[in-house]
2 protein chains.
Amino acid sequence: MIVPVSYLCGSDNITSTFYYMPRVKLFDENEVLVKAMNLFWKQGYSATSVQDLVSHLGINRASIYDTFGDKDKLFKKSFQLYRKQSREGLIQFFENKQNVKIGFSELFKNAIQEAINDKERKGCFVVNTITELVPNDESLNEVLEINKQDFINIFFEYLKKGKEIGQLKTNQDLKSLATLFYTLYNGIRVVSKVRPNKKELTDSIKVALSLLF
Amino acid sequence: MIVPVSYLCGSDNITSTFYYMPRVKLFDENEVLVKAMNLFWKQGYSATSVQDLVSHLGINRASIYDTFGDKDKLFKKSFQLYRKQSREGLIQFFENKQNVKIGFSELFKNAIQEAINDKERKGCFVVNTITELVPNDESLNEVLEINKQDFINIFFEYLKKGKEIGQLKTNQDLKSLATLFYTLYNGIRVVSKVRPNKKELTDSIKVALSLLF
DNA sequence: ACTTATTTGGAACATTCGTTCTGTTATTTG
DNA sequence: CAAATAACAGAACGAATGTTCCAAATAAGT
């Protein structure tokens, strides 16, 4: 960062500016944020102490406060990053699928497989945050509501597009179907935290997907 | 509680017993446990301090420790009570319904209406506990797995009975359907914590219920 | 009245909490 | 070199954490 240094030149009251180059940041702020995100994701807000953060982020206690403010701000920034990543990930995910039915099928399968692979059993950061922090913080509530509508909308647009290009023939209301799939997706994130059974879960989502034809 | 007081009578080494009646408990242990359950349910484990419990349970700090052990034991006892209540509540709920489809329809509607009525936005204690405490505690994990299987089984038996008496004609695998409904039920508990929209949710479960015919 | 034991309020304990502060070290440009 | 400041280690803060302890008050039966 270039820091302008201004000073008064004698009695002329003229401001001149020249530049010093202070020490550059030794850590990547975004890398640190990713680490914070993973810790909050795994442990939740309350169960993550500042000492935990100091131990895991790899930067100094003071640097955390200098860079991110306080614990609350760091949490919200971490949460925002997660939302951004999962939102963009979802859109890209759908784009690469042959048709709507495969899209949703793979989405659910993916969630199940992720739960099985995840030895830390972190689940979904959004779900964890909803169940832990609603309704403590009104500003967070708003973010969560926006997030919900956002995802339901992505589901809805995907279904609508699928129907328009003839991949989908169902007469179900697509908005309701989107909400249903979003609700089911959240349910998978919860249920699959506890000893996920791949066959059991996969078979059950097949039943749900029979709604698409 | 009757306390037997034994003492040795002279050199005969004969044990005689008579009774003193100590002060009886002034508070109803179960009433206090219900209060603890509601507090843990609302705030979660980490965010509930012993001071919170002292303030809300109406009994002394020392009495909490004397009666329930420590915070961890009190939480688990509270959680057990919730499980018992919700399990028995569900069975009774299903028994009073005309047929399977109405049973599940009312169950989902009930969950939505509860979320809307609940100004504290407590959600579901089981869901909250899963997302907060998995995988910290292995013994809790076992309880949660048992709880899951238990509820899926209740759903399954209800569906099976419904099919046997001709209320249900679907050819879907009933075990998968039970798992799907359990997953969806958990999803509703999460989604409906954030500004629940009655029409949106009700319409979406109607789509799910179209699987029953 | 005496005995027994529960319940009480409140003090006390060592730890940990989130946060702030104080130096010291390190790095880059003028 | 000097100037500037990011990043550091670590102490320090008061408040809160979970837990234990103690003396006093209370209630019921002998």
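Note that the coordinates shown come from a computational prediction; the quantities given were computed from them, not determined experimentally.
A:Asp66 comes within contact range of no nucleotide atom at all, as no heavy-atom separation falls under 4.0 Å. Among the protein residues, B:Ser46 comes within range of no part of the nucleic acid, since none of its heavy atoms lies under 4.0 Å from any strand.
The side chain of B:Ser63 contributes an N or O atom lying less than 4.0 Å from OP1 or OP2 of C:dT8. Phosphate proximity of D:dA16 to B:Ser49: absent, as no side-chain N or O sits under 4.0 Å from OP1 or OP2.
One donor-acceptor pair, N or O on each side, does fall under 3.5 Å between the base of D:dA9 and the side chain of A:Asn60. For a distance-only test at 3.5 Å, the side chain of A:Arg61 qualifies as a donor-acceptor partner of the base of C:dT19.
No cation-pi contact links A:Lys148 to A:Phe151, judged by a cut-off of 6.0 Å to the six-membered ring centre and 45° from its axis. Relative to the six-membered ring of B:Tyr45, B:Lys71 meets both conditions, a distance below 6.0 Å and an angle of at most 45° to the axis.
Atom CD of A:Glu31 and atom C1' of D:dA7 are 16 Å apart (whole Å). Protein atom CZ of B:Phe68 is 17 Å distant from nucleotide atom C1' of D:dT19, rounded to whole Å. Across the protein-nucleic acid pair, B:Leu74 atom CG and D:dG18 atom P stand 12 Å apart, rounded to whole Å. Rounded to whole Å, the distance from OH on B:Tyr65 to P on D:dC22 is 17 Å. Between the CG atom of A:Leu57 and the P atom of D:dC8 there is a distance of 11 Å, rounded to whole Å. Atom P of nucleotide D:dA9 and atom CZ of A:Phe27 are separated by 12 Å, given to the nearest angstrom. Rounded to a whole Å, the CZ atom of A:Phe75 is 13 Å from the P atom of C:dG18. Rounded to an integer number of Å, the gap from B:Leu53 CG to D:dA16 C1' is 14 Å.
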Review point. After noting the C-alpha distance and the side-chain angles of A:Glu88 and A:Lys84, does the key distance pass the salt bridge (Lys or Arg N to Asp or Glu O under 4.0 Å) rule?
Key: CA-CA 6 Å; A:Glu88 289 171 359; A:Lys84 189 173 183 294; 3.2 Å; yes

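DNA chain C is contacted by both B:Ile59 and A:Gln51; B:Ile59 maps to the nucleotide lying nearer its 5′ end (nearest heavy atom per residue).
Of the candidates B:Val191, B:Ile188, B:Thr183, B:Leu184, A:Asn186 forms a side-chain contact (heavy atoms from CB on, under 4.5 Å) with just one, namely B:Val191.
Base pairing of C:dG30: its partner is D:dC1, meeting the Watson-Crick or G-U wobble criterion (both donor-acceptor distances under 3.5 Å).
With 3.5 Å as the limit, one finds no donor-acceptor pair spanning the side chains of B:Ser63 and B:Asn60.
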